[in-house]
Amino acid sequence: MPSFGRAPARKGDFRSRNRSPARNFGALPRFVSPASGAIAGWTDDDTESLCIQHRFCHPQGPGFVPERVRCLLESRLQGMLYTPPHPLTHWSVDTQTIVILDFGSQYTQLIARRIREHNVFSVVLPCTAPLSEIQAHKPIGIILSGGPSSVYDADAPAADPAMLAIGVPVLGICYGLQFIVHHLGGKVRSAQKREYGHADVTIEDGTTALFAGLPATLHVWMSHGDEALELPAGFRRTAVTSNALAGIANEQRRIWAVQFHPEVHHTPLGPQLIKNFVFAICGARGDWTPAHFIETTVAAIREKVGTGHVICGLSGGVDSSVAAVLVHKAIGSQLTCIFVNNGVLRKNEFENVQKNLRDKLGLKIVGVDASDRFMQQLAGVTDPETKRKRIGAEFIAVFDDEANRIAQEQGGVDWLVQGTLYPDVIESSSVKGPSQTIKSHHNVGGLPEGMKLKLIEPLRDLFKDEVRRIGRDLGMPEEILGRQPFPGPGLAVRILGEVTPERVALLQEADEVVVSEIKAAGLYSKIWQSFAVLLPVMSVGVMGDQRTYAYTCAVRAVHSEDGMTADWVPLPPEVLKRISSRIVNEVRGINRVVYDITSKPPGTIEWE
């Protein structure tokens with residue numbers, strides 16, 4: 001696999017001149033994570049789900065960079081004005097909080113989402129979090145997630161059982177139930193009959209508040225190979241299946257637990273159980289609203305930034321756009337946004353994004369057309385990982401140049417805005433198990449050690465749907481908030497084989513047809529992603545009695561909730577017919593259209 005070359009020094013380039021502290025402003029984003037070597041900050045912050053998807057294909061993550069390349073990139077950061085890190089205070093709102101301790105479950109984020117659906121704030125912490133950190137959130141309740149381990153294993157997650165005695169209500173889910181039993185004097189063993197999948201639970205004690213309003217039999221989702229054999233003193237059984245215990249309670253100690261997963265949609269009445277815990281047991285008010293979040297976050301930004309200057313790398317996606325508008329609401333003209341044209345954006349994207357955000361939202365935007373530089377880096381490259389690395393490295397160089405220019409004009413830059421979302425944070429801090437840290441996320445933990453720039457991450461406590469709600473309350477247009485995810489490397493990973501200006505132009509036209517027809521059919525907001533892919537396959541065709549020999553275009557449309565799994569969308573035949581007809585007739589160079597009916601798994605959403 002070839003490595004990318006270092007961009008040559010240019011006149012005026014800070015890398016080619018003698019540096020002095022007065023001329024070095026530290027105005028760089030999270031480029032390379034020193035711990036992992038992952039490129040950080042170059043991909044579209046609207047595609048955290050796509051980054052999650054690629055971890056199954058590339059165990060080291062889509063932005064992984066070999067050590068020798070990482071050293072090359074980090075060498076470009078030398079000469080910066082370094083100081084000890086100044087992390088921004090965690091952006092959380094002053095409201096009631098449910099703390100979720102993650103024991104490695106693949107469903108932990110779902111627990112957080114189910115709670116927030118009731119306008120109650122929730123935070124996910126690794127189960128290894130010290131008791132002081134848990135108490136610092138002043139929780140009104142604690143939930144212990146599921147997990148893949150056995151509580152009696154020597155390498156079971158090292159959580160502090162003292163959390164069970166701090167006086168707030170506790171709900172254990174699956175492994176959480178077993179943790180409670182094991183650490184309070186009961187006995188857990190490997191089950192003779194394991195339960196995975198659908199099951200029926202019989203409620204034996206309907207007087208407990210956790211089961212209030214629920215029928216005597218629940219259809220639930222099970223995923224466990226251990227069972228509680230003996231309960232701790234003071235606990236009683238509240239629910240069972242035909243094979244094992246399914247629920248326990250000790251109201252005096254304010255502890256409840258279930259062996260099934262109420263957070264997944266396979267447990268239809270699970271949301272009611274969670275609602276019972278949050279409101280009837282924990283006493284939540286349900287007052288965590290977008291308006292409350294905006295008010296408190298804007299005030300916090302003003303206090304932290306003061307008179308400092310701030311830059312934000314815009315992608316045109318939902319997350320960076322909402323983050324920029326939120327910061328702009330707080331500090332106005334102190335914010336400068338940078339939008340880079342990498343040459344592989346969608347048709348007219350460079351102009352449209354600037355127009356929308358500048359004219360409709362009043363943001364100060366610096367547009368940088370670096371398409372020629374990116375095309376030079378991609379010339380002759382066919383390997384998808386090399387494409388990603390070269391695009392990431394060149395983005396660093398371009399943003400680097402522009403940030404330093406802005407810093408010189410303004411007398412320095414103090415802060416960097418990033419559209420980090422809560423799934424990014426969870427992905428980068430989880431414990432062992434299915435939700436363990438599989439990648440170092442591009443938006444989390446990527447600042448070089450000691451960089452002067454301080455981070456503003458106003459959305460780091462939010463999920464994607466919550467970000468859209470915040471955006472609507474900020475008055476942002478739906479054409480921005482409703483955008484489908486788009487990969488950071490852009491069309492480069494939707495062009496199989498070498499990326500050339502000619503192929504980019506072909507795909508831009510075909511993709512425009514796909515998106516416009518999906519919108520015309522009223523399907524755009526109902527689909528997770530819909531796009532075109534240019535294949536390195538040429539075939540014979542006939543047009544106007546003449547032989548053609550042209551490219552093949554694949555159309556892809558998928559349903560998904562989070563990008564981790566996806567099902568192909570059975571588009572109506574008439575929509576597919578219009579898409580195919582328009583592409584073949586309007587896009588010279590494509591004479592065949594195919595439709596991708598692969599779900600994920602086994603495939604991925606993107607082709608590269």
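One-based numbering along the sequence shown. Because the structure is predicted, anything quoted here is derived from the model rather than measured. All values below come from the heavy atoms of this structure, side chains included, with hydrogens, waters and symmetry mates left out.
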Trainee: Measure across Gln354 and Phe339 and return the closest heavy-atom pair with its distance rounded to 0.1 Å.
Mentor: CG-CD2, 3.9 Å
Trainee: As a quick check of understanding, evaluate side chain to side chain donor-acceptor pair (under 3.5 Å) for Asp102 and Thr108, giving each step before the final call.
Mentor: CA-CA 6 Å; Asp102 179 20; Thr108 299; 2.8 Å; yes
Trainee: Strictly below 4.0 Å, N to O, side chains only: are Glu478 and Arg468 in salt-bridge contact?
Mentor: no
Trainee: What heavy-atom pair brings Phe211 and Asp205 nearest, and what distance separates the two atoms?
Mentor: CD1-O, 3.8 Å
Trainee: To the nearest 0.5 Å, tell me how far Leu357 CG sits from Met476 CE.
Mentor: 6.5 Å
Trainee: Between Glu251 and Arg236, is the closest basic N to carboxylate O distance under 4.0 Å?
Mentor: yes
Trainee: Can you tell me how far the CG atom of Asp160 sits from the CD1 atom of Ile134, to the nearest 0.5 Å?
Mentor: 7.0 Å
Trainee: Is the backbone of Ala330 close enough, under 3.5 Å, to the side chain of Arg302 for a donor and an acceptor to pair up by distance?
Mentor: yes
Trainee: Can you tell me how far the CG atom of Asp359 sits from the CD1 atom of Ile365, to the nearest 0.5 Å?
Mentor: 8.5 Å
Trainee: Supply the atom-to-atom distance Ile338 CD1 to Ile311 CD1, rounded to the nearest 0.5 angstrom.
Mentor: 4.5 Å
Trainee: Does a salt bridge link Lys600 with Asp567, judged by any charged N lying under 4.0 Å from a carboxylate O?
Mentor: no
Trainee: Applying ring pair (Phe, Tyr, Trp, His ring centres under 6.0 Å), can you list everything that pairs with His261, at least two apart in sequence or on another chain?
Mentor: Tyr107
Trainee: Which residues pass the salt bridge (charged side-chain N to carboxylate O under 4.0 Å, His left out) test with Arg556, sequence neighbours left out?
Mentor: Asp596
Trainee: Under 4.0 Å between a side-chain nitrogen and a carboxylate oxygen: does that hold for Arg469 and Glu466?
Mentor: no
Trainee: With rounding to the nearest 0.5 Å, note down the distance linking NE2 in His292 to OG1 in Thr297.
Mentor: 8.5 Å
Trainee: Between Arg346 and Glu349 (salt bridge meaning N to carboxylate O under 4.0 Å), is one present in this structure?
Mentor: no
Trainee: What is the distance from atom CD of Gln418 to atom CZ of Arg460, rounded to the nearest 0.5 Å?
Mentor: 10.0 Å
Trainee: Only counting residues at least two apart or in another chain, list the ones meeting ring pair (Phe, Tyr, Trp, His ring centres under 6.0 Å) with His219.
Mentor: none
Trainee: With a 3.5 Å cut-off and sequence neighbours excluded, list the donor-acceptor pairs that the side chains of residues 170-180 form with protein atoms.
Mentor:
| unit_1 | atom_1 | unit_2 | atom_2 | d |
| --- | --- | --- | --- | --- |
| Gln178 | NE2 | Asp226 | O | 3.4 |
| Gln178 | NE2 | Gln259 | OE1 | 3.4 |

Trainee: Any idea how Trp256 and Phe277 line up, ring-wise: parallel (<30°), tilted (30 to 60°), or perpendicular (>60°)?
Mentor: perpendicular
Trainee: Determine, stepwise, if the pair Ser320 / Ser315 fulfils side chain to side chain donor-acceptor pair (under 3.5 Å).
Mentor: CA-CA 6 Å; Ser320 66; Ser315 67; 3.1 Å; yes
Trainee: Strictly by ring pair (Phe, Tyr, Trp, His ring centres under 6.0 Å), give each pair with a member in residues 306-333 just once, sequence neighbours left out.
Mentor: none
Trainee: Can you name the residues that form a side chain to side chain contact (heavy atoms under 4.5 Å, CB included) with Gln252, not counting sequence neighbours?
Mentor: Asn250
Trainee: State whether the side chain of Thr97 and the backbone N or O of Ser122 hold a donor-acceptor pair below 3.5 Å, judged by distance alone.
Mentor: no
